**Student:** 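My questions will all concern the structure given below.
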There are 2 protein chains.
Amino acid sequence: MRITPQRSAIYKAVLEHGDHPTASEIHKWIARDMPHVSIDTVNRTLHSFHDMGLLNIVEGEGGPRRFDPNTRSHHHLHCDRCGKIIDFYSDAADNMPIPPEVQNDFIVERKRIVLSGICRECMNANDASGSGT
Amino acid sequence: MRITPQRSAIYKAVLEHGDHPTASEIHKWIARDMPHVSIDTVNRTLHSFHDMGLLNIVEGEGGPRRFDPNTRSHHHLHCDRCGKIIDFYSDAADNMPIPPEVQNDFIVERKRIVLSGICRECMNANDASGSGT
DNA sequence: TGCTATATAAGAGCGTTTCTTATATACTTC
DNA sequence: GAAGTATATAAGAAACGCTCTTATATAGCA
Ligand SMILES: [Mn+2]
Ligand SMILES: [Mn+2]
Ligand SMILES: [Zn+2]
Ligand SMILES: [Zn+2]
């Protein structure tokens with residue numbers, strides 16, 4: 001795979017961005033330094049990186065794909081209010097046994113836990129507005 | 001909430017479809033009996049059902065939302081080849097402890113396990129084509 | 001039966017992803 | 001270092017899913 005300025009910038013952007021960005025967000029992020037990179041190149045490149053194992057694609061409830069530069073084994077919290085996706089780590093989750101009937105009919109290559117609910121910020125926002133005088 | 005022919009048909013279609021269909025798939029499914037139902041109505045109605053707790057929205061890796069009429073606590077296998085999503089049940093998963101540091105910063109309302117890999121059909125398809133003489 | 005709040009159809013609009021094609025360029029070969 | 005070639009990119013079009021707008025229809029109530 002060729003090394004191009006676009007690819008370097010895209011990879012750097014994903015690492016710097018930190019969160020779980022969409023192709024569009026990476027495109028905007030990069031635009032500061034390289035305004036002429038096309039969204040098509042960003043999207044195509046992110047998928048190439050995914051195919052090479054440099055990035056994960058994060059589970060979501062429809063909508064645009066979100067990419068994840070964190071390649072350590074980890075899991076996610078999804079906030080139902082603000083849509084934020086937060087990493088967490090859990091040995092219990094990593095070591096959780098897979099049911100035998102699944103193992104018979106399916107080759108498991110990846111195991112992820114998704115917890116949905118309300119994040120701390122949204123909790124606080126709710127408290128502040130909800131219980132005043 | 002009013003009972004309308006469209007809503008009845010959409011609910012029936014989701015139950016009959018069985019799998020984890022998209023709004024568009026339900027729209028096509030219904031078209032056999034009711035060709036004049038709009039995709040907008042299907043989509044809006046599916047979301048209403050979701051808000052009422054009749055349906056779940058299934059986690060996916062981008063792309064259109066997929067709905068799930070199975071309201072029992074269960075988890076999913078995602079086939080990387082054919083994109084199929086298969087239900088499975090696991091007490092170990094349901095009882096898995098949530099890390100304390102998560103509980104401090106997040107109100108967990110739903111817990112799902114997603115296993116990605118290769119389903120039996122894709123396995124067999126691969127065998128048949130891959131290792132012949 | 002008639003009324004009214006709610007639901008629907010149709011099409012427009014929007015954002016994301018993919019496709020097409022001409023142009024540019026990273027890497028190889030000499 | 002120069003030339004050649006396979007690969008990558010830009011730009012715009014197109015496809016797709018989802019949402020919004022507005023005029024019309026209708027379910028359920030009085
Ligand atoms: Mn992550
Ligand atoms: Mn399911
Ligand atoms: Zn939140
Ligand atoms: Zn499969």
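Remember, predicted model here, so these are calculated numbers, not experimental data. Convention: sequence-line order gives letters A, B, ...; per-chain numbering from 1.
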**Student:** Select base, sugar-phosphate, or nothing to describe what B:His27 touches, counting heavy atoms under 4.0 Å on all strands.
**Tutor:** nothing

**Student:** Using side-chain heavy atoms (C-beta onward) and a distance below 4.5 Å, is A:Arg112 in contact with B:Glu59?
**Tutor:** no

**Student:** Less than 4.0 angstrom between a side-chain N/O of B:Gln6 and OP1 or OP2 of C:dA9, yes or no?
**Tutor:** yes

**Student:** Side chains of A:Cys119 and A:Ile86: does their closest heavy-atom pair fall under 4.5 Å?
**Tutor:** yes

**Student:** How about B:Phe67 and B:His17: are their ring centres within less than 6.0 Å of each other?
**Tutor:** no

**Student:** Once you round it to whole Å, what is the distance between P of D:dA25 and CZ of B:Arg2?
**Tutor:** 15 Å

**Student:** Base, sugar-phosphate, or nothing: which does A:Ile3 touch, judged by heavy atoms less than 4.0 Å apart?
**Tutor:** sugar-phosphate

**Student:** Taking atom C1' of D:dC18 as reference, at what distance in whole Å does atom CZ of B:Arg66 sit?
**Tutor:** 17 Å

**Student:** Provide, to the nearest angstrom, the distance between the NE2 atom belonging to A:His36 and the C1' atom belonging to C:dT23.
**Tutor:** 15 Å

**Student:** Would you indicate what A:Thr4 reaches in the nucleic acid, counting non-hydrogen atoms under 4.0 angstrom: base, sugar-phosphate, or nothing?
**Tutor:** sugar-phosphate

**Student:** From NE2 of A:His47 over to P of D:dA8, roughly how many Å is that when rounded to an integer?
**Tutor:** 16 Å

**Student:** Can you measure A:Ile39 atom CD1 to C:dC14 atom C1' for me and round it to whole angstrom units?
**Tutor:** 15 Å

**Student:** Output yes when at least one side-chain N/O atom of A:Arg44 is less than 4.0 Å from OP1 or OP2 of C:dT18, else no.
**Tutor:** no

**Student:** With the side chain counted from C-beta on, respond yes when A:Asn56 and A:Arg110 share a heavy-atom pair under 4.5 Å apart, and no when they do not.
**Tutor:** yes

**Student:** For the side chain of B:Ser38, counting heavy atoms from C-beta on, which of C:dT17, C:dA9, D:dC18 is nearest?
**Tutor:** C:dA9

**Student:** Whole angstrom is fine here: how far is it from CD in B:Glu25 over to P in D:dC16?
**Tutor:** 13 Å

**Student:** B:Ser24 or B:Met1: which one's nearest nucleotide on DNA chain D is closer to the 5' end?
**Tutor:** B:Ser24

**Student:** Determine the contact category for A:Pro5: base if any of its heavy atoms lies under 4.0 Å from a base atom, sugar-phosphate if only primed atoms, P, OP1 or OP2 are that close, otherwise nothing.
**Tutor:** sugar-phosphate

**Student:** Side-chain N or O of B:Arg7 less than 4.0 angstrom from OP1 or OP2 on C:dT8?
**Tutor:** yes

**Student:** If we ignore angles and hydrogens, is there a donor and acceptor under 3.5 Å between the side chains of A:His20 and A:Asn70?
**Tutor:** no

**Student:** Is there a side-chain polar atom (N or O) of A:Thr41 under 4.0 Å from OP1 or OP2 of D:dA10?
**Tutor:** yes

**Student:** If you only use heavy atoms from C-beta on, which nucleotide in D:dG28, D:dT19, D:dA11 is closest to the side chain of B:Asn43?
**Tutor:** D:dT19

**Student:** Can you check the A:Tyr11 OH to D:dA8 P distance for me, whole Å?
**Tutor:** 18 Å

**Student:** Atom CD of B:Glu61 and atom P of C:dT17: how far apart are they, to the nearest Å?
**Tutor:** 13 Å

**Student:** Would you mind telling me which of D:dG17, C:dT16, D:dG12 lies closest to the side-chain atoms of A:Asp40?
**Tutor:** D:dG12

